[in-house]
Amino acid sequence: MTYWPRLSRAQRTEPVRRVGVLMNLAADDLEARARISALQRSLHELGWFELRNIAFEIKYADGRIDILPRLASELVAANVDVIVGAGTPAVRALKMQTNSVPIVIGAGGDPVGAGLVSSLARPGGNITGFSLQSTEVVKKRLQLSGEIVPGLTRLAFLWDPNNASIALQLKETEAAGRAVGVEVQSVEITTVAQIEAGMLAAAKARADAIFASSDAIQTTHRAHVAALAIQHKLPLSAEFKIVASAGALFTYGPSVADLWRRAGGYVDRILKGEQPGQLPVQQPTTFELVINLRTAKALGLTVPPTVLARADEVIE
């Protein structure tokens with residue numbers, strides 16, 4: 001006769017809560033895996049285990065904003081208890097599908113400016129989470145570009161106008177540029193096919209450097225963006241460290257993995273009964289500077305020792 005300990009019997013009858021994830025990247029993207037892993041590890045540390053008391057329903061958009069509404073609809077129809085959305089377009093698609101299922105922003109732009117929440121301190125409604133937004137990030141990236149690229153006076157900004165948070169980032173970049181005498185050229189990219197044309201437009205306009213934005217298209221195709229920037233001799237910077245690994249000259253911005261880890265804490269609190277509208281939207285606390293010296297060499301640039309000394313990681 002088999003004897004089952006009392007604890008095991010309790011575990012087997014524990015209700016399973018369902019967590020949806022709407023990821024803007026592809027399923028085989030290492031960055032997508034890293035973000036989901038950070039979320040799952042956080043929940044594991046808080047006592048949530050797959051096959052025992054939690055299950056995940058994950059949808060991948062492969063960098064395509066146009067399919068986000070369909071994926072959001074599928075997640076809501078799956079009767080999940082809470083959904084984690086990657087980025088402003090994903091959360092906006094979810095918001096259009098439900099005003100009752102709790103939504104946690106894994107790492108988004110400006111949720112107030114995008115109309116997702118009423119305020120950071122009191123989001124209201126069914127949405128809360130973690131914002132990438134920090135006006136100091138744009139200023140810091142511009143400052144670093146000026147230190148690394150001699151005679152920087154013209155900067156090209158690649159962006160997707162369908163992403164409201166990136167539109168705000170463009171305005172912040174333009175304002176930061178005016179303050180230091182750097183002209184910012186807007187280069188719109190809404191499809192993968194437009195990446196090469198956008199890079200060529202920046203080169204023809206004699207941009208001294210180029211900013212990649214953190215939208216799904218450029219993040220998904222980061223290696224292609226970085227390779228074209230090197231081909232056109234354009235020093236490329238971005239927000240996420242994965243873009244430096246893909247070949248950008250440098251990246252500076254919040255740790256996305258840290259934000260997704262913290263999102264796990266909000267999922268835990270919501271599953272235990274707290275209302276998302278009463279949980280404040282939090283901003284980044286951990287920032288990373290990554291410099292790619294291989295790319296600097298390919299561009300014929302020398303990164304000053306004072307900049308290298310501030311780097312969290314150097315790719316050689």
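Keep in mind that this is a model prediction, so the values were computed, not measured.
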Locate the shortest heavy-atom distance separating A203 from L234; write the atom from each residue and the value.
-> N-CD1, 4.1 Å

For Q218 and S213, test the side chains for any donor-to-acceptor distance below 3.5 angstrom and give the result as yes or no.
-> yes

Do you know which two heavy atoms are closest between V187 and A156, and how far apart they sit?
-> CG2-CB, 4.3 Å

Are K272 and D268 close enough, and set up right, to give a side-chain contact (heavy atoms from CB on, under 4.5 Å), and what steps lead you there?
-> CA-CA 6 Å; K272 290 175 178 175; D268 171 69; 3.0 Å; yes

Could you walk me through whether Q185 and F157 pass the side-chain contact (heavy atoms from CB on, under 4.5 Å) test, one step at a time?
-> CA-CA 6 Å; Q185 172 195 4; F157 187 95; over 6 Å; no

Check whether more than 12 heavy atoms from other residues, nucleotides or ligands sit under 6.0 Å from atom CD of E174, and answer yes or no.
-> yes

Look at atom CZ of R122 and say whether more than 12 heavy atoms of other residues, nucleotides or ligands are closer to it than 6.0 Å.
-> no

Is the backbone of E316 close enough, under 3.5 Å, to the side chain of R294 for a donor and an acceptor to pair up by distance?
-> yes

Could you tell me which non-hydrogen atom of P111 sits nearest to which non-hydrogen atom of I105, and how far apart they are?
-> CB-CD1, 3.9 Å

R310 bridged to E147 by N-O distance under 4.0 Å = yes

Pair R41 + E45, salt bridge at N-O below 4.0 Å | no

Give the cluster check for W48 versus I270: same hydrophobic cluster or not, with ILVMFWY residues linked at side-chain heavy-atom distances below 4.5 Å.
-> yes

Rounded to the nearest 0.5 Å, what separation is found between the CZ atom of R154 and the CD atom of E183?
-> 4.0 Å

Looking only at atom types and distance, does a side-chain atom of S42 sit under 3.5 Å from a main-chain N or O of R261, one as donor and one as acceptor?
-> yes

Take K241 and E313 through the test salt bridge (charged side-chain N to carboxylate O under 4.0 Å, His left out) and record every step on the way to the result.
-> CA-CA 9 Å; K241 65 182 264 184; E313 182 180 340; 3.5 Å; yes

Any side-chain heavy-atom pair from L142 and L155 closer than 4.5 angstrom?
-> yes

Does the salt bridge (charged side-chain N to carboxylate O under 4.0 Å, His left out) test come out yes or no for D29 and R33, once each step is laid out?
-> CA-CA 6 Å; D29 191 309; R33 294 179 186 177; over 6 Å; no

Does T88 reach the main-chain N or O of G109 with its side chain, forming a donor-acceptor pair under 3.5 Å?
-> yes

With rounding to the nearest 0.5 Å, note down the distance linking CD in E196 to NE2 in H224.
-> 5.5 Å

Heavy-atom donor-acceptor pair, T220 side chain to A216 backbone, under 3.5 Å = yes

Test item: F56 and E50 side chains (from C-beta on) under 4.5 Å apart, heavy atoms = yes

Shortest non-hydrogen separation from P235 to L301 and the atoms involved = CG-CD1, 3.8 Å

Examine the side chains of Q282 and Y266 and answer whether a donor and an acceptor come within less than 3.5 Å of each other.
-> yes

So do the side chains of V112 and S131 get within less than 4.5 Å of each other, counting heavy atoms only?
-> no

From CD1 (I54) to CZ (R17), nearest 0.5 Å = 9.0 Å

Within the side chain of N163, is there an N or O that forms a donor-acceptor pair under 3.5 Å with the backbone of D215?
-> no

Are the side chains of I242 and T219 in touch, meaning some heavy atoms are under 4.5 Å apart?
-> yes

Worked check of side-chain contact (heavy atoms from CB on, under 4.5 Å) between V225 and I189 = CA-CA 11 Å; V225 173; I189 293 177; over 6 Å; no

K204, NZ atom: more than 12 neighbouring heavy atoms under 6.0 Å = no

Rounded to the nearest 0.5 angstrom, the CG-CG distance for L68 and D66 is 8.0 Å

I148 and V307, any side-chain heavy atoms less than 4.5 Å apart | yes

Same hydrophobic cluster for L94 and I65, using side-chain heavy-atom links shorter than 4.5 Å among ILVMFWY?
-> yes

Joint cluster assignment, I315 & F250, ILVMFWY side-chain distance < 4.5 Å | no

What class does the angle between the rings of H44 and F49 fall in, given that below 30° is parallel, 30 to 60° is tilted and above 60° is perpendicular?
-> perpendicular

Decide, yes or no, whether a salt bridge links E57 with K59 under the criterion of side-chain N to carboxylate O below 4.0 Å.
-> yes

Is any side-chain heavy atom of T285 less than 4.5 Å from a side-chain heavy atom of D258?
-> yes

Given the rule that I, L, V, M, F, W and Y join up when any side-chain heavy atoms are under 4.5 Å apart, are V117 and I83 in one cluster?
-> yes

Between I217 and I195, does a side-chain contact (heavy atoms from CB on, under 4.5 Å) hold up when you go through it step by step?
-> CA-CA 9 Å; I217 293 173; I195 293 176; 4.2 Å; yes

Do any N or O atoms from the side chain of N292 and from the backbone of A244 form a donor-acceptor pair under 3.5 angstrom?
-> yes

Do P123 and L279 come within less than 4.5 Å of each other through their side chains, counting heavy atoms only?
-> no

So, D81 and R18, do they make that salt bridge, N to O below 4.0 Å?
-> no

From CH2 (W260) to CG (L39), nearest 0.5 Å | 6.5 Å

Identify which one of T128, L116, T98, V82 satisfies the side chain to side chain contact (heavy atoms under 4.5 Å, CB included) criterion when paired with I103.
-> T98

So, is the end of the R35 side chain (NZ or CZ) under 6.0 Å from the ring centre of F240 and within 45° of the ring's axis?
-> yes

May I ask whether I58 and V101 are part of the same hydrophobic cluster, defined by side-chain heavy atoms of I, L, V, M, F, W, Y residues being less than 4.5 angstrom apart, directly or through others?
-> no

Residue pair P89 / N24, side-chain heavy-atom distance below 4.5 Å | no

Compare every heavy atom of A226 with every heavy atom of A248, then report the nearest pair and how far apart it is.
-> N-CB, 3.8 Å

Pairing of R64 and D62 as salt bridge, 4.0 angstrom limit | no

If you look at every heavy atom in A311 and I291, which pair is closest and at what distance?
-> CB-CD1, 3.8 Å

Atom OG1 in T190, atom CG in N162: separation rounded to 0.5 Å?
-> 6.5 Å

